[in-house]
Amino acid sequence: MAGEKILIVDDEAGMQRLLSRVLAREGYQPTPVGSAKEALELIFADSFELVLTDIQMPEKNGLELLREIKEFDPSLPIMVMTAYGTVESAVEALRNGAYDYLTKPFQTDEIRLAVAKALEHNRLLVENQYLHQELDEHYQFSGIVGNSPLMADVYEMAASVAVSNASVLITGESGTGKELVARSIHYNSPRKERPFVVLNCAVFSEGVLESELFGHEKGAFTGAVSQKKGRFELANQGTLFIDEVAEMTMSAQVKLLRVLQEQEFERVGGDRTIKTDVRIVAATNKDLSEQVKKGEFREDLYYRLNVIHVELPPLRDRREDVEPLANYFLEKYIKETGKKISQIAPKALASLIGYDWPGNVRELQNAIERAVVLCRGDVITPRELPRDVVGDSEICLTLPQQGGNLTEILEDLERQLIIQTLRQQGASQTKAADILGIARTTLRYKMEKYGLLDKQE
């Protein structure tokens with residue numbers, strides 16, 4: 001989205017002109033200043049979407065400016081530029097809240113890509129905050145995170161079906177959040193003041209499952225020492241969420257079908273017919289239509305349950321949701337543990353985005369919880385992530401043993417990162433560029449620069 005206002009802070013007039021020219025050509029509105037004092041005066045008086053600041057400046061350096069801006073507006077993204085100092089200065093900037101850093105001299109393409117990525121990142125954060133505010137206030141979709149088009153379809157479908165009494169079948173791989181969607185449907189429905197009751201068919205044997213569903217009378221079977229109400233009674237006028245419905249026995253399927261048709265049942269061992277008013281939301285990670293063809297699931301029950309179908313996409317098909325999900329869980333476990341962790345390091349985030357997540361959102365949540373527990377600093381690094389996520393390659397980049405200026409050191413680190421990412425992605429430049437957050441043409445330019453292109457081709 002063009003037109004964003006970008007504040008440029010650099011004491012070199014030539015760098016101000018260069019950056020202003022490059023950014024203006026992209027449709028942005030650059031405002032150049034030569035000192036941190038001028039920058040702060042403008043920030044206090046106006047609004048900007050991004051700040052580009054040099055680190056080495058007279059009177060007040062870029063790190064001091066960064067800290068003062070973050071105190072005033074923690075949400076304003078800041079990128080630092082430097083050709084001086086050490087790697088520690090760039091790391092310190094990240095720890096103090098900088099979004100990213102650039103090293104001088106740089107190519108104009110690098111500036112354009114870095115600025116576009118920073119603005120897009122901030123836009124998604126703002127949209128995600130707005131979306132959750134809307135969902136919490138209107139749809140009560142608490143805990144569901146995602147900006148992808150696939151999840152937008154899920155939100156829309158869930159909001160649409162919530163107001164009805166139709167049965168809903170939620171499908172998707174394990175860990176995609178089927179119960180969260182079921183809860184959101186219930187709590188945005190006219191039944192929201194009534195109970196939301198959960199039954200997982202996979203954890204009960206045949207006899208116990210029917211007792212859990214319909215209840216039992218005293219003496220109905222060995223161990224039935226008293227009368228017990230089943231989930232249908234407990235959920236009366238509310239919603240019954242039947243998870244892992246494909247694991248339901250044939251006997252239980254017949255009885256469930258009757259309840260859906262007649263809105264009545266008897267307790268196990270009883271003869272009194274009990275009326276019920278319950279909405280059914282069922283879920284499974286299996287293909288019920290295939291189960292029907294195999295004779296493992298009743299066709300008539302399948303059609304009764306599948307009035308409305310909501311399909312949850314696997315996390316690998318919506319990789320743009322990995323970052324907001326990871327940050328959501330990071331915030332959750334920071335609050336639980338009381339740890340002072342500021343962010344997930346870019347390389348760790350790249351590993352999270354590049355991983356296929358067979359366990360989906362649940363696996364990602366477990367990975368972030370593990371990382372928070374193991375983290376000893378204030379930044380989550382690949383060291384704290386599970387081995388499956390980071391792969392078998394070297395987890396940490398190796399700093400050179402000899403000295404060198406910042407540009408040389410960072411170029412060496414960049415070369416190592418490109419090599420490792422290509423190795424992790426089976427030499428696919430397209431996948432590697434996606435994980436690194438750069439264009440494929442930019443990746444090829446850097447590979448040629450570091451002598452990697454000939455080795456691969």
Side-chain angles (χ1 to χ4, degrees), residues 164-171 174 178-187 189-308 362:
S164 75
N165 282 316
S167 298
V168 180
L169 178 63
I170 305 173
T171 60
S174 295
K178 294 186 286 292
E179 184 174 337
L180 276 176
V181 174
R183 288 182 182 277
S184 74
I185 290 172
H186 170 75
Y187 287 109
S189 75
R191 298 173 180 264
K192 63 184 178 182
E193 302 299 330
R194 307 302 299 172
F196 177 83
V197 178
V198 178
L199 175 73
N200 189 327
C201 298
V203 302
F204 297 110
S205 62
E206 181 173 353
V208 176
L209 177 61
E210 292 188 24
S211 174
E212 291 294 327
L213 272 172
F214 310 113
H216 62 253
E217 300 290 354
K218 180 179 179 180
F221 49 83
T222 303
V225 296
S226 62
Q227 184 191 81
K228 176 184 176 180
K229 290 184 178 181
R231 306 298 168 95
F232 268 104
E233 282 183 85
L234 297 174
N236 191 41
Q237 296 185 343
T239 300
L240 175 58
F241 175 56
I242 305 178
D243 199 7
E244 304 292 353
V245 71
E247 307 303 320
M248 184 175 284
T249 64
M250 279 295 181
S251 174
Q253 289 180 39
V254 172
K255 295 180 179 181
L256 175 59
L257 178 63
R258 182 201 168 199
V259 177
L260 292 175
Q261 291 174 330
E262 308 296 336
Q263 293 289 293
E264 62 183 29
F265 64 94
E266 290 82 35
R267 296 192 189 108
V268 176
D271 55 11
R272 183 171 68 89
T273 299
I274 301 171
K275 292 287 185 180
T276 187
D277 172 21
V278 173
R279 181 186 194 174
I280 300 295
V281 179
T284 179
N285 59 8
K286 294 184 177 180
D287 186 339
L288 278 190
S289 63
E290 286 297 318
Q291 300 290 102
V292 170
K293 292 177 183 177
K294 295 177 182 178
E296 298 174 356
F297 200 87
R298 290 184 63 96
E299 184 176 20
D300 45 6
L301 177 58
Y302 170 64
Y303 288 120
R304 281 283 182 177
L305 295 174
N306 194 32
V307 177
I308 303 293
R362 187 184 297 122

In chain order, what residues pass the side chain to side chain donor-acceptor pair (under 3.5 Å) check against [X], with sequence neighbours excluded?
| X | answer |
| --- | --- |
| Glu244 | none |
| Ser211 | His216 |
| Asp300 | Arg298 |
| Ser189 | none |

Taking salt bridge (Lys or Arg N to Asp or Glu O under 4.0 Å) as the test, write out the residues that go with [X], two or more places apart.
| X | answer |
| --- | --- |
| Arg258 | Glu264, Glu266 |
| Lys229 | none |
| Glu262 | none |
| Glu299 | none |

- Got a sec, which pairs hit salt bridge (Lys or Arg N to Asp or Glu O under 4.0 Å) with one end in residues 217-226, sequence neighbours left out?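 For residues 217-226, and leaving out neighbouring residues, the salt bridge (Lys or Arg N to Asp or Glu O under 4.0 Å) pairs sorted by first residue read Glu217-Arg267.
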- Using the test ring pair (Phe, Tyr, Trp, His ring centres under 6.0 Å), find all partners of Tyr303 that sit at least two apart in sequence or belong to another chain.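 Tyr303: no ring pair (Phe, Tyr, Trp, His ring centres under 6.0 Å) contacts found.
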- For Tyr302, what residues pass the ring pair (Phe, Tyr, Trp, His ring centres under 6.0 Å) criterion, not counting sequence neighbours?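 For Tyr302 there are no ring pair (Phe, Tyr, Trp, His ring centres under 6.0 Å) partners, ignoring immediate neighbours.
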- Query: Quick one: side chain to side chain contact (heavy atoms under 4.5 Å, CB included) partners of Ala283, sequence neighbours excluded?
  - Reply: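 Side chain to side chain contact (heavy atoms under 4.5 Å, CB included) check on Ala283 returns Ile170, Lys178, Phe241, Asp243.
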